[in-house]
There are 2 protein chains.
Amino acid sequence: MVQRQEPAGMELIHLLREVTLQLDLAGAQFAGRNGLHPTDLRALIGLLDAARAGVPSTPGRLGAHLGLNSAGTTALVDRLERLGLIRRVRDTEDRRRVLLEVDERAVALGQSFFGPLIDRTLTLLDTFDAGERAAIRRFLDGVREAAKSP
Amino acid sequence: MVQRQEPAGMELIHLLREVTLQLDLAGAQFAGRNGLHPTDLRALIGLLDAARAGVPSTPGRLGAHLGLNSAGTTALVDRLERLGLIRRVRDTEDRRRVLLEVDERAVALGQSFFGPLIDRTLTLLDTFDAGERAAIRRFLDGVREAAKSP
DNA sequence: TCTAATATCTCGCTCATCGAGATACTTGGT
DNA sequence: ACCAAGTATCTCGATGAGCGAGATATTAGA
């Protein structure tokens, strides 16, 4: 069988793919262990990000972020609320809207999962000098942009 | 509200998360556009990897790789076969087994998705010198290992 | 040869998500 | 002030991926 000659950089590309795979697997494993579906975890991450950025969350925004329709979004919010991870609160300014408040439990859950991983990665980053970190940043930035177009 | 002071490296960590998010989104988008479910795409990637490595694929291996039980695996293989992406072939040596052969269509489909992304990334990698590439490799390697433990 | 192990498949069920549409509230034009 | 159109959310019924349990076929070991 004739095999196409692989360019030198392919090794790094496969490595990047393995990294994303490992991160996804870790997330799925964590989700399963806590009675969450993959979607629930993605939702939680989005909600925590929004909370950290000070952006109010609503079912509409959340559903759009995850690519769910309104029915699926309602079901998702129901699940998260039933688990006590978020609360529904009617917006007093626009009473059509429902605001989603993340409970302390959700924050703690996020910390328990991402905390150790983040700590290990920060420790790893300490072993790079400024120039190397700049290279990593530029690489990740480039890949992110490359992944946006397809 | 008191905000925890973020260490300097957090920026890179968020960037890495964005990259994995973009790659996942791109994959999901591609999958949807081709009538594939996320699982189907992951299966296809696994099958193409195995084919490239010269490892024979079976429903058992595939299901284990994806974390599906046998019923789900059968349904998955049914879908992929119905789409003409793989073929089931009885193994003549151990006739309990079914070998999964990836069709040319599947290879072409993989190329059409990963090809442009890979090309862009290779072009990006050309802009780094050997030392920078080594740093990127060490970083990715470290993150992969960090993600394995939780 | 009889039994245990292995590989795959079938059946019936659960539940996340979808499409369609209902409900409640707000806004802008008149 | 009023009414139509727009917006945010929810309800209902249907679809389909994946699961648990177990059936079937084949191989390997005592």
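It should be emphasised that the depicted structure is a prediction, and the values quoted were computed from it without experimental measurement. A, B, ... follow the sequence lines: proteins, then strands. Residue 1 opens every chain.
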### Query
Is there a path from Ile86(B) to Leu99(B) through hydrophobic residues (I, L, V, M, F, W, Y) whose side chains come within less than 4.5 Å of each other?
no

### Task
Could you state the atom-to-atom distance from CG of Leu99(A) to P of dA8(D) in whole Å?
12 Å

### Query
With the threshold set at 4.0 Å, does a side-chain nitrogen-carboxylate oxygen contact exist between Asp141(A) and Arg138(A)?
no

### Task
Would you kindly compare Glu93(A) and Pro59(B) by the position of their nearest DNA chain C nucleotide and give the one closer to the 5′ end?
Pro59(B)

### Query
In whole Å, what is the span from the CG atom of Leu100(A) to the C1' atom of dA8(D)?
12 Å

### Query
Below 4.5 Å, heavy atoms only, C-beta onward: do Phe139(B) and Leu140(A) meet side chain to side chain?
yes

### Summary
note: Asp40(A), atom CG; dC15(C), atom C1'; distance rounded to Å ~ 12 Å

### Message
Without decimals, in angstroms, what is the distance between Leu36(A) CG and dC15(C) C1'?
### Response
15 Å

### Query
Taking only N and O in the side chain of Arg96(B), is any of them less than 4.0 Å away from OP1 or OP2 of dT8(C)?
no

### Query
Salt bridge or not for Arg137(B) and Glu11(A), using N-O below 4.0 Å?
yes

### Task
Round to the nearest Å and state the distance from Asp94(B) atom CG to dA5(C) atom C1'.
11 Å

#### Entry: Rounded interatomic separation in angstrom, taking CZ from Arg95(A) and P from dT26(C)
6 Å

### Message
Please list, in numerical order, the residues of residues 71-91 of chain B that have a heavy atom closer than 4.0 Å to any atom of DNA chain C.
### Response
Ala71(B), Thr74(B), Arg88(B)

### Task
Ignoring backbone atoms, establish whether Asn69(A) has a side-chain N or O less than 4.0 Å from OP1 or OP2 of dC18(C).
yes

### Query
Quick one: do Met10(B) and Phe113(A) end up in the same hydrophobic cluster if we chain Ile, Leu, Val, Met, Phe, Trp and Tyr together by side-chain heavy atoms under 4.5 Å apart?
yes

### Summary
Note: Ala43(B) and Leu80(B) closest approach over all heavy atoms is CB-CD1, 4.1 Å

### Query
To the nearest angstrom, how far is Arg61(B) atom CZ from dT6(C) atom P?
14 Å

### Message
Base, sugar-phosphate or nothing for Gly67(B)? Non-hydrogen atoms, less than 4.0 Å.
### Response
sugar-phosphate

### Message
Can you measure Leu62(A) atom CG to dT17(C) atom P for me and round it to whole angstrom units?
### Response
11 Å

### Task
State plainly whether one hydrophobic cluster holds both Leu21(A) and Val19(A), where clusters connect Ile, Leu, Val, Met, Phe, Trp and Tyr through side-chain heavy atoms under 4.5 angstrom apart.
no

